[in-house]
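No experiment lies behind these values; they were computed from the predicted model shown. We're numbering straight along the sequence, starting at 1.
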Amino acid sequence: MLIIPSGSSLRTAIDFTLSFTVTRDILPTEYIGARLPRFTQRFQSINESVNVGNVTISDVIVSPSYFYTAAWYETPNIYGSAAQGILPFRDSTLIIKSAINATIESGSTVLLKVHRENGIGAWCGFASSTISTTEVVTPSDPFEIFTLFNYVENNTFYGDGSPGRNFTLEKNTSSPIDTISGLGPGCDCHGHGKCDFCYEVCQCFEGYGASSDVVSTGASLSVFCDDRVCPAGNAIADIPSTSNEAHNIAECSNHGICDRSTGECQCFEPFTGASCDKLRCPNDCSGHGFCKDMYDLSVDQKMERVRRVDFTYGSAAAMKTSAWDFRTMRACVCESSWPVGFNSGERQLPEYFGPDCSLRHCPSGDDPYTSTDEEDCQSLTQYPGEIYMVGMPGNKCHVDCANRGICDYRTGKCNCFEGSWGPACQYISNAGSSRAGFVSASNGTYISNVHGN
């Protein structure tokens with residue numbers, strides 16, 4: 001246990017007490033080390049821009065002095081930073097030995113007070129904590145108690161010719177000091193980070209400003225971990241990082257504004273998604289289709305235009321170059337009440353079509369005025385320029401209104417030419433067929449009500 005009296009200050013000499021229980025006999029010839037990083041005896045000679053080079057060794061006034069004797073040991077200080085995780089005076093050690101050449105028996109409690117007259121104090125703060133504490137930064141160089149199996153003291157001279165003492169410390173067994181009284185103001189990280197008491201800065205958790213978080217260029221987050229970071233995705237637009245690489249990971253994909261209070265992106269149209277990295281499909285496909293990204297479109301066997309070849313848009317090598325948008329750019333795959341494709345029993349055109357699936361094909365039929373079956377699509381294609389896929393035997397071409405009327409693609413109803421009638425205008429008027437369910441137009445034609453509501 002390390003006990004610091006309340007009201008103690010940083011960067012000045014203080015009283016402090018060490019209390020610990022030994023777990024084995026400590027022989028009269030052995031030493032105990034109490035490693036106290038951050039503590040120093042050199043407040044008056046410190047220049048933070050210069051690393052102090054001398055090893056400081058001094059005898060220490062402790063009580064009860066009739067039981068214990070002690071020395072203070074410091075190595076050259078190395079100044080670091082919170083980001084580097086380097087503690088100042090990381091190897092400062094209080095060396096303790098029996099003053100009466102007696103064995104400190106196993107199970108004994110050592111209670112040792114170090115007086116301020118020694119000039120020892122803490123250069124920076126630390127939290128009140130126990131071994132199980134998780135709300136504060138656990139230093140890489142902890143307070144610890146250890147035994148020494150090799151302790152050598154030599155007379156030496158520093159570079160300036162002044163006399164000094166030199167120690168060689170070699171640890172045997174060690175354990176951390178389990179309970180520590182805090183010192184210093186620390187910092188309030190609002191429950192979203194750990195306070196580094198030494199540097200009085202917060203180390204924020206992910207999502208609140210951690211070093212691993214992606215934050216918009218130029219954005220300034222609170223240093224107290226009370227600002228939220230928004231989701232990130234490939235930038236829709238940014239400045240290229242190389243001649244052939246761009247669209248790097250960016251907060252809200254560089255296409256939205258982060259609400260720091262909620263951690264949610266407010267996306268610019270027409271993009272959507274948690275990180276604004278998905279193109280919104282036109283009119284949300286009008287309720288007659290599915291919005292799919294380019295990767296899924298390339299492998300979807302239910303597309304209206306299906307090529308029976310293996311093709312995938314995007315690969316590991318292309319994710320940052322030609323196919324960065326494989327999950328970003330999206331389009332509608334329109335629904336159909338009949339199977340779509342090039343195989344037998346399928347039609348080559350879907351029922352709904354258009355960028356937003358708002359248009360609807362009319363019923364298909366064979367032109368009654370020709371001897372050819374216009375719906376037979378074997379070895380044919382309804383896609384201009386298609387060279388890979390044509391209809392298999394039994395495949396159907398979709399012929400709106402049997403070529404004997406005009407299809408109103410807003411409603412999917414045929415307006416038949418004079419002399420033709422039926423839901424697909426597939427009947428000849430003088431053929432005597434029933435016209436029930438069809439409405440007479442002013443020009444004597446018939447309009448199908450088959451899709452009417």
Task: Working for side-chain contact (heavy atoms from CB on, under 4.5 Å), residues Arg38 and Phe89 - done: CA-CA 5 Å; Arg38 307 175 182 84; Phe89 304 103; 5.9 Å; no

Task: Full working for side-chain contact (heavy atoms from CB on, under 4.5 Å) between Ile177 and Ile145 - done: CA-CA 6 Å; Ile177 298 177; Ile145 301 291; 3.8 Å; yes

TODO: Go through the steps to decide whether Ile4 and Ile14 satisfy the test side-chain contact (heavy atoms from CB on, under 4.5 Å), and finish with yes or no.
DONE: CA-CA 8 Å; Ile4 308 291; Ile14 61 173; 4.2 Å; yes

TODO: Quick one: do Glu30 and Thr147 satisfy side-chain hydrogen bond (donor to acceptor under 3.5 Å, both in side chains)? Show the steps, please.
DONE: CA-CA 8 Å; Glu30 290 185 288; Thr147 56; 5.6 Å; no

TODO: May I have the step-by-step check of side-chain contact (heavy atoms from CB on, under 4.5 Å) for Phe342 and Gln348, ending in yes or no?
DONE: CA-CA 6 Å; Phe342 293 91; Gln348 292 191 14; 3.7 Å; yes

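In this structure, SG on Cys258 lies 8.5 Å from CG on Asp227, to the nearest 0.5 angstrom. Interatomic distance, CD1 of Ile180 versus CZ of Phe197, reported as 11.5 Å (0.5 Å rounding). Here OG of Ser286 is found 6.5 Å from NE2 of His288. Values are rounded to the nearest 0.5 Å. In this structure, NZ on Lys396 lies 5.5 Å from CG on Asp373, to the nearest 0.5 angstrom. Between atom OH of residue Tyr31 and atom CD1 of residue Ile26 there is a gap of 13.0 Å, rounded to the nearest 0.5 Å. Here CG of Leu18 is found 5.5 Å from CG of Leu2. Values are rounded to the nearest 0.5 Å.
One N or O on the side chain of Ser222 and one on the backbone of Phe224 form a donor-acceptor pair closer than 3.5 Å. The main-chain N or O of Thr372 is found under 3.5 Å from a side-chain atom of Thr370 such that the two form a donor-acceptor pair. A donor-acceptor pair under 3.5 Å is formed between the side chain of Ser253 and the backbone N or O of Ser275. No side-chain donor-acceptor contact under 3.5 Å links Gln378 to the backbone of Met392. Although no hydrogens or angles enter the test, the distance criterion places a donor-acceptor pair under 3.5 Å between the side chain of Asp196 and the main chain of Tyr199. Formation of a donor-acceptor pair under 3.5 Å by the Asp238 side chain with backbone atoms of Asn248 is found in this model. Ser364 places no side-chain N or O within donor-acceptor distance of the main-chain N or O of Asp400, the cut-off being under 3.5 Å. Between the side chain of Asp213 and the backbone N or O of Gly209, at least one donor-acceptor pair lies under 3.5 Å. Remark: the backbone N or O of Ile249 is not paired with any side-chain donor or acceptor of Asn234 at under 3.5 angstrom. At distances below 3.5 Å, not a single donor-acceptor pair connects side-chain atoms of Thr93 with backbone N or O atoms of Ile95.
Nearest approach of Ala210 to Cys204, heavy atoms of both residues: CB-O, 3.3 Å. Closest non-hydrogen pair, Pro240 versus Ala246, comes out as CA-CB, 3.8 Å. Nearest heavy atom pair, residue Ala250 against residue Ala235, reads CB-CB, 4.0 Å. Residues Cys362 and Asp408 share a closest heavy-atom pair of SG-N, 3.9 Å. Of all heavy-atom pairs between Cys265 and Cys276, the closest is CB-SG, 3.5 Å. Shown here for Cys401 and Cys425, the closest heavy-atom pair between the two residues is O-CB, 3.4 Å.
Residues Tyr369 and Asn403 are not in side-chain contact: their nearest non-hydrogen atoms beyond the backbone lie 4.5 Å or more apart. Proximity of Ile3 to Phe16: side-chain heavy atoms (C-beta onward) are nowhere separated by under 4.5 Å. Taking the side chain as every heavy atom from C-beta outward, Leu380 and Val390 never approach each other to under 4.5 Å. Side-chain contact between Val110 and Val22: present, with at least one pair of heavy atoms (C-beta onward) separated by less than 4.5 Å. Contact of the Ile236 side chain with the His247 side chain is not registered, since no non-hydrogen atoms from C-beta on lie closer than 4.5 Å. Side-chain contact between Glu74 and Thr40: present, with at least one pair of heavy atoms (C-beta onward) separated by less than 4.5 Å. A heavy-atom distance below 4.5 Å is found between the side chains of Leu221 and Val215. Residues Trp72 and Leu94 meet the side-chain proximity criterion, which asks for heavy atoms closer than 4.5 Å.
When the shell of 6.0 Å around CZ of Phe290 is examined, it contains 12 or fewer heavy atoms from other residues, nucleotides or ligands. Atom CD1 of Ile406 has 12 or fewer heavy atoms from other residues, nucleotides or ligands within 6.0 Å.
Remark: SG of Cys291 is not found under 2.5 Å from SG of Cys285. Checked against the 2.5 Å cut-off, the SG-SG distance between Cys202 and Cys189 falls under it. The SG atoms of Cys124 and Cys198 lie less than 2.5 Å from each other.
In the model, Asn395 has no side-chain atom that pairs as donor or acceptor with a side-chain atom of Glu346 under 3.5 Å.
The residues Arg35 and Asp91 are annotated as salt-bridged, a charged nitrogen and a carboxylate oxygen being separated by less than 4.0 angstrom. The existence of a salt bridge linking Arg90 and Glu144 is excluded, since no basic side-chain nitrogen approaches an acidic carboxylate oxygen closer than 4.0 Å. Using a 4.0 Å cut-off between a side-chain N of Lys or Arg and a carboxylate O of Asp or Glu, Arg327 and Asp293 qualify as a salt bridge. A salt bridge is defined here as a Lys NZ or Arg NE, NH1 or NH2 lying under 4.0 Å from an Asp or Glu carboxylate O, and Asp367 with Arg404 meets this definition.
Classified by interplanar angle (parallel below 30°, tilted 30° to 60°, perpendicular above 60°), the ring pair Tyr208/His192 is parallel. Aromatic ring orientation, His361 versus His398: tilted (interplanar angle from 30° to 60°). Between Tyr295 and Phe326, the ring planes lie perpendicular to each other; the angle is over 60°, past the 30° to 60° tilted range.
In this view, Thr262 and Asp259, Glu264 satisfy the side chain to side chain contact (heavy atoms under 4.5 Å, CB included) rule, not counting sequence neighbours. Checked against salt bridge (Lys or Arg N to Asp or Glu O under 4.0 Å), Glu375 has the following partners two or more places apart in sequence or in another chain: Arg347.
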What pairs of donor and acceptor atoms, side-chain ones from residues 329-337 against any protein atom, are under 3.5 angstrom apart with sequence neighbours left out?
unit_1, atom_1, unit_2, atom_2, d
Arg330, NE, Leu279, O, 2.8
Arg330, NH2, Leu279, O, 3.3
Ser336, OG, Trp338, N, 3.3
Ser336, OG, Trp338, O, 3.0
Ser336, OG, Trp338, NE1, 3.3
Ser336, OG, Glu351, N, 3.0
Ser337, OG, Glu351, OE1, 2.6

